S.K.: 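Below: one structure in structure tokens.
The sequence lines fix the lettering, A, B, ..., with proteins before strands; numbering per chain opens at 1. Because the structure is predicted, anything quoted here is derived from the model rather than measured. Just so you know, these numbers use all the heavy atoms, side chains as well, and skip hydrogens, waters and symmetry mates.
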Amino acid sequence: MSGSSSIKIENLICLLTCWFGEIEWWPGYTDEVMIGAILTQQTRWENVERALDLLKNRDLCTIDAIVRADIRDIEGAIRCTGFYRVKAQRLKSLAAHIAQTYGSVDTMVEVPTGQLRAGLLEVSGIGCETADSILCYGLFRKSFVIDAYTERMVQCMGIKSRGQELKRLFEACLPDDNYFYRQTHAHIVEYAKEFCGKKRCNECILVNSSG
DNA sequence: GACCAGGTCCTTG
DNA sequence: CAAGGACATGGT
């Protein structure tokens with residue numbers, strides 16, 4: 001379909017791998033990653049880590065605990081991530097969905113990726129990025145995460161695709177292993193944070209690298 | 001003080 | 001369907 005876009009994306013993946021090497025990103029057990037995926041919406045990761053520590057200290061950092069907890073206690077622990085009221089509600093919604101649909105997080109391991117994704121997208125407060133983050137980093141599925149940085153970066157490279165089409169484009173270029181999905185998304189974010197400002201690029205090596 | 005952060009939802013034109 | 005506002009705290 002768009003051959004030049006595929007080549008640009010393949011080059012991008014290689015270039016970033018050379019630039020960063022291996023990144024250990026978003027470590028943690030599945031429940032923690034799922035919770036972090038919601039907390040990091042429009043929020044710096046350092047603030048999310050503080051909230052995750054508070055949740056752990058209060059035994060609130062599992063899906064099971066979120067189901068039972070008083071929402072005020074959740075709000076109190078995640079305040080430093082901003083939007084804490086809507087995020088507490090989103091955590092409740094996610095936890096309820098998992099409890100009601102699968103019974104437990106462990107059961108989700110047996111469910112096909114497409115089915116899990118469709119279910120997650122039904123949850124209020126979970127969009128494509130959060131769903132794919134949960135699938136990719138929490139459940140080790142091959143579901144590539146498209147975020148604002150990725151959109152910004154490929155636009156800068158002259159690639160027209162957006163959203164789901166862009167996701168498919170990346171997935172067609174990536175090796176058939178979750179490891180590369182995690183690495184590539186992490187690479188893009190780390191690179192873009194430094195070089196792809198909201199208003200202008202800062203010494204970006206990508207713009208003229210593949211044209 | 002201004003601006004941004006690893007989004008999502010709802011309302012408008 | 002694109003654009004704009006709301007949600008909220010914390011860092012530069």
S.K.: Output the residues of residues 42-59 of chain A in contact with DNA chain C, where contact means a heavy atom of the residue under 4.0 Å from an atom of the strand; sort by number or write none.
M.R.: A:R44, A:N47, A:R50

S.K.: Considering only residues two or more places apart or on different chains, which pairs with a residue in residues 86-108 of chain A satisfy salt bridge (charged side-chain N to carboxylate O under 4.0 Å, His left out)?
M.R.: none

S.K.: For A:L120 and B:dT8, what is the distance between atoms CG and C1' respectively, to the nearest whole Å?
M.R.: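 After rounding, the gap between these two atoms is 14 Å.
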
S.K.: Starting from the C-alpha separation in whole Å, work towards a yes-or-no answer on side chain to side chain contact (heavy atoms under 4.5 Å, CB included) for A:E49 and A:W45.
M.R.: CA-CA 6 Å; A:E49 284 189 314; A:W45 182 253; 3.2 Å; yes

S.K.: For nucleotides 9-13 of chain B, print each protein N/O atom paired with a nucleotide N/O atom at under 3.5 Å, atom names and distance only.
M.R.:
unit_1	atom_1	unit_2	atom_2	d
B:dC9	OP1	A:G125	N	2.9

S.K.: Quick one: which residue pairs count as a salt bridge (charged side-chain N to carboxylate O under 4.0 Å, His left out) with a foot in residues 11-20 of chain A, not counting sequence neighbours?
M.R.: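 Applying salt bridge (charged side-chain N to carboxylate O under 4.0 Å, His left out) to every pair that reaches into residues 11-20 of chain A, excluding sequence neighbours, yields nothing.
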
S.K.: Check for a donor-acceptor pair, side chain of A:T107 on one end and backbone N or O of A:G103 on the other, with a separation under 3.5 Å.
M.R.: no

S.K.: Output a table of donor-acceptor pairs, distance under 3.5 Å, between side-chain atoms of residues 111-128 of chain A and any protein atom two or more places apart or on a different chain; print 'none' if there are none.
M.R.:
unit_1	atom_1	unit_2	atom_2	d
A:T113	OG1	A:R141	NH1	3.0
A:R117	NE	A:D132	OD1	2.7
A:R117	NH2	A:D132	OD2	3.0
A:R117	NH2	A:Q164	OE1	3.3

S.K.: Looking at residues 70-81 of chain A, who's got a heavy atom less than 4.0 Å off DNA chain B?
M.R.: none

S.K.: Give the other cluster members for A:V86, using side-chain heavy-atom distances under 4.5 Å between Ile, Leu, Val, Met, Phe, Trp and Tyr residues; answer none if it is isolated.
M.R.: A:F83

S.K.: Do any N or O atoms from the side chain of A:H97 and from the backbone of A:S93 form a donor-acceptor pair under 3.5 angstrom?
M.R.: no

S.K.: For DNA chain B, find the residues of residues 137-147 of chain A with a heavy-atom distance under 4.0 Å and give them by number; none if there aren't any.
M.R.: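 Here the set is empty: none.
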
S.K.: Under a single-linkage definition using a 4.5 Å side-chain heavy-atom cutoff for Ile, Leu, Val, Met, Phe, Trp and Tyr, are A:L135 and A:V109 assigned to the same hydrophobic cluster?
M.R.: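 No, because A:L135 and A:V109 fall into different hydrophobic clusters, even though each may have its own neighbours under 4.5 Å.
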
S.K.: Before accepting this row, confirm whether a basic side-chain N of the pair A:K167/A:E171 lies closer than 4.0 Å to the acidic partner's carboxylate O.
M.R.: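 Between A:E171 and A:K167 there is a salt bridge, with a charged N closer than 4.0 Å to a carboxylate O.
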
S.K.: Just how far, in rounded Å, is P of B:dA5 from CD of A:E129?
M.R.: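 Checked: the CD to P distance equals 12 Å.
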
S.K.: Enumerate donor-acceptor pairs with a distance under 3.5 Å from any side-chain N or O in residues 57-71 of chain A to protein atoms, sequence neighbours excluded.
M.R.:
unit_1	atom_1	unit_2	atom_2	d
A:N57	ND2	A:D53	O	3.3
A:T62	OG1	A:A65	N	3.0
A:D64	OD2	A:R68	NH1	3.0
A:D70	OD1	A:R72	N	2.8

S.K.: Report the distance from atom NZ of A:K199 to atom P of B:dA2, rounded to the nearest whole Å.
M.R.: 15 Å

S.K.: Would you grab the first and last nucleotide of DNA chain C (5' to 3') that comes under 4.0 Å of any non-hydrogen atom in chain A?
M.R.: C:dC7 to C:dG11

S.K.: Ignoring hydrogens and angles, state whether a donor on the side chain of A:E22 or A:Y179 is under 3.5 Å from an acceptor on the partner side chain.
M.R.: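 Yes.
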
S.K.: If only side-chain N and O atoms count, and only distance matters, is there a donor-acceptor pair under 3.5 Å linking A:W25 with A:Q183?
M.R.: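 Checked: A:Q183/A:W25 side chains show no N/O donor-acceptor pair below 3.5 Å.
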
S.K.: So A:F144 and A:Y181, would you call those rings parallel, tilted or perpendicular, with 30° and 60° as cut-offs?
M.R.: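 Aromatic pair A:F144/A:Y181 classed perpendicular.
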
S.K.: Measure CG/A:L39 against P/B:dT8 and give the value in whole Å, please.
M.R.: 13 Å

S.K.: In dot-bracket, 5' to 3', how would DNA chain B read with Watson-Crick or G-U wobble pairs under 3.5 Å, [ ] for crossing ones and | for pairs to another strand?
M.R.: .||||.|||||||

S.K.: Side-chain heavy atoms under 4.5 angstrom apart, residues restricted to Ile, Leu, Val, Met, Phe, Trp, Tyr: same cluster for A:Y102 and A:Y29?
M.R.: no

S.K.: Determine: side-chain N/O of A:R152 to OP1/OP2 of B:dC4, distance under 4.0 Å, yes or no.
M.R.: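 Looking at the OP1 and OP2 atoms of B:dC4, neither is under 4.0 Å from any side-chain N or O of A:R152.
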
S.K.: Verify the distance criterion only: is there a donor paired with an acceptor across the side chains of A:N47 and A:R50 at less than 3.5 Å?
M.R.: yes

S.K.: Carefully, step by step, assess A:V145 and A:R182 under the rule side chain to side chain contact (heavy atoms under 4.5 Å, CB included).
M.R.: CA-CA 8 Å; A:V145 180; A:R182 304 161 73 90; over 6 Å; no

S.K.: Could you work out the complete set of other residues in the hydrophobic cluster of A:F140, with links drawn between I, L, V, M, F, W and Y side chains under 4.5 Å apart?
M.R.: none

S.K.: Could you tell me whether the side chain of A:E151 and the main chain of A:G163 form a donor-acceptor pair under 3.5 Å?
M.R.: yes

